[in-house]
Number of protein chains: 2
Amino acid sequence: MEVALSIDDREGFDGVTIRAIAGEIGATPMALYTYFSDKSALCDGMRDRLFVQISDGIVSRRSWQSMLEGIARGAYRILRDHPNWTPLLAHDGGLPSSGFGFINDLWESMLKEGFAVEDAMRAHGCVMSFAVGSVLFERTMMGAGDVLAKRIALLKRPVESTPGQYASLASVAAKVDRWRWDDIFEPGIRSRLTGVEANCARSRRQSGRPRASRAQA
Amino acid sequence: MEVALSIDDREGFDGVTIRAIAGEIGATPMALYTYFSDKSALCDGMRDRLFVQISDGIVSRRSWQSMLEGIARGAYRILRDHPNWTPLLAHDGGLPSSGFGFINDLWESMLKEGFAVEDAMRAHGCVMSFAVGSVLFERTMMGAGDVLAKRIALLKRPVESTPGQYASLASVAAKVDRWRWDDIFEPGIRSRLTGVEANCARSRRQSGRPRASRAQA
DNA sequence: ACCTGAACACCGTTCAAGT
DNA sequence: ACCTGAACACCGTTCAAGT
C-alpha cells in the first residue's frame, strides 16, 4: 500500500500498475493477488491509507470543533502535499472503513452538543467540501504543474496570445506568482468553522436542548 | 468529444478508450489521432466540453453574483447528473480555454464592483470549492453507487457487522435514505453567496472605493 | 490532410503448476 | 496459503503504406 502511494506520488496515478508495485517490492505481479482481489480493491486500500494519513495529523479530539478542523486541515494539507493522490477521491467506494471510528466519534460529539442529524451532516459537509474543493479549485484554476512557473504560464498563455482580450484574467495572472494559497485557504476554513459553530448555537436555542457537556465547548 | 463523454457516462471513466470511441463513430482507432495528439489531449477536450456544458446552464450574466451562482450551481448539477465525469476534475491541465471568456467576465465584474484581486479569488474559490467539494463529499461519504440503496448499504454494513460499535454512524445511516442532498447543498451555496457579498461590501467600505455601477447590484 | 492495418510495448487478469 | 511463469485479451501508440 505504501509502495503504491509512493509510486503514485512520483509517477502519477497512471504509473500505479500492479507490475510496477511488484517490481518495487521484488515479487511477481501475480504474487500481489494473494493480498488484493483486483485493482479496484487495491485502490480501496490506497484510499484507506490516505484517510489514515489525514486523520493521523489531527492534533486534538477533545471537541467536535477540533475534530472537524483537524480532518479538514489534514485533507487539505495531505492533498496539497501529494497532488497525485487526488484521483483517489474521485473513485467509488464510499468512506473507507478506516474512517468509521473517527467519523463516528465526530458525529457523536456533534449530536451530543445539540446538532440535529441533518445539521450535523450539513456542518460536516460544509467544512469538508471546502477543504477538498479548495484543492480541486487550485488545480482546476492553476493547473497541476509541479512548479509554480508552469501554473503561471498556463494562465498567462492565452492572455499573451490574444493581447487585451482577457484583461481581467491578465491582471489576476500577473499577481498569481506572489500568492500563497494558504492565505486563501486559511481565512476560508476559519470562516466555515465559525459559521458552523454559530449554526450549532442557534439550533440548540431553537430546540431548547441544552449542551450535554460544558467542558467540551 | 460528445461520444467520449457519453461513453464515460455509461461505462465509467475507464471505459473511455480510443478503441471504444473509434468503434462507436465507425472508424479505425488511428483515425482519431488526426484530431487529438494523444489521450491526454483527448481528456483536455473532454474537460473543455464539461466546462462548456456547465456554463451553458447559466441563466444570467448581468452581475457577478448571478455569474458566480450560475457557475457554482452548474458545476454541482452537471457533476451530480454525470458522476462518472468527476475524474476529469482531478486531471491536470488547468482551466480549459473554453472557460477563459467566462472567468474573465466574472473577474472583470467583481473587480469593477470593488473587490481587491485577492479577495476576488477568495470569493471565487469559496463558492466554487463548496460546489465541486460537495459532489466529492457526497461520493466519499455515501459511495458512488447509482442507486441510493447501495449508498445506504455501504454506510450500514459496518454498523450491522459490529452492532453498537458505531452508534452515531448508525443513527445517521438510518436517516440517509430519506435525505435529499439538494436540501444540504441549497442552504450551503446560499450561505456562501451571501457571505461573499458581505465581504465585498466590507472591502468596498474599507478601501473607500465606490461601486462602479449601482445598476449591477 | 486524412485514413488504414499490422505491429510493439504495455496493462490487468486467468490458468495450470509448483511449494 | 503463497508464489511462479506462460498465456490471453485488452490498451495506447508507432510505423509504413495508402488516398
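What's counted below: heavy atoms across the whole structure, side chains too, no hydrogens, waters or symmetry copies.
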Under 4.0 Å between any heavy atoms, over every strand shown, what does A:Tyr35 touch: base, sugar-phosphate, or nothing? Just pick one. sugar-phosphate
Quickly work out the B:Ile18 CD1 to D:dC10 P distance and round it to whole Å. 17 Å
Less than 4.0 angstrom from a charged side-chain N to a carboxylate O is my criterion; do B:Glu69 and B:Arg190 meet it? yes
Grab the CD1-P distance between B:Ile25 and C:dT4 for me, whole Å please. 10 Å
Now, which nucleotide makes the Watson-Crick or G-U wobble pair with D:dG12, with each of the two distances under 3.5 Å? C:dC8
For C:dA17 versus D:dC2, give the span between their P atoms, rounded off to a whole number of Å. 22 Å
Between C:dC15 atom C1' and A:Tyr33 atom OH, what is the distance in whole Å? 13 Å
Taking the side chain of A:Lys39 as heavy atoms from C-beta outward, which of C:dT4, C:dT13, D:dT4 is closest to it? C:dT13
Separation of C:dT14 atom P from A:Leu32 atom CG, nearest Å, is 14 Å
Just the rounded figure in Å: distance from P of D:dC11 to CG of B:Leu42. 14 Å
Between A:Arg19 (CZ) and D:dG5 (P), how many Å, whole number? 13 Å
Carboxylate-amine/guanidinium proximity below 4.0 Å for A:Arg10 and A:Glu24: yes
In this structure, how many angstroms lie between the C1' atom of D:dC8 and the CE atom of A:Met30, rounded? 13 Å
Can a salt bridge be assigned to the pair B:Glu197 and B:Arg192 using a cut-off of 4.0 Å between side-chain N and carboxylate O? no
Please determine whether a side-chain nitrogen or oxygen atom of A:Thr17 lies at a distance below 4.0 Å from atom OP1 or OP2 of C:dC11. yes
State, with a plain yes or no, whether a side-chain heavy atom of B:Met67 is found less than 4.5 Å away from one of B:Trp107. no
Any B:Thr34 side-chain N or O less than 4.0 Å from OP1/OP2 of C:dC2: no
Which nucleotide in the list C:dT4, C:dG12, D:dT13 gets nearest to the side chain of B:Thr28? C:dT4
Given atom CG of B:Asp14 and atom P of C:dT13, what is their separation to the nearest angstrom? 10 Å
Given that both distances must come in under 3.5 Å, which nucleotide forms a Watson-Crick or G-U wobble pair with D:dG18? C:dC2
Taking NZ, NE, NH1 and NH2 as the nitrogens, is one of them in B:Asp183 or A:Arg122 under 4.0 Å from a carboxylate oxygen of the other? no
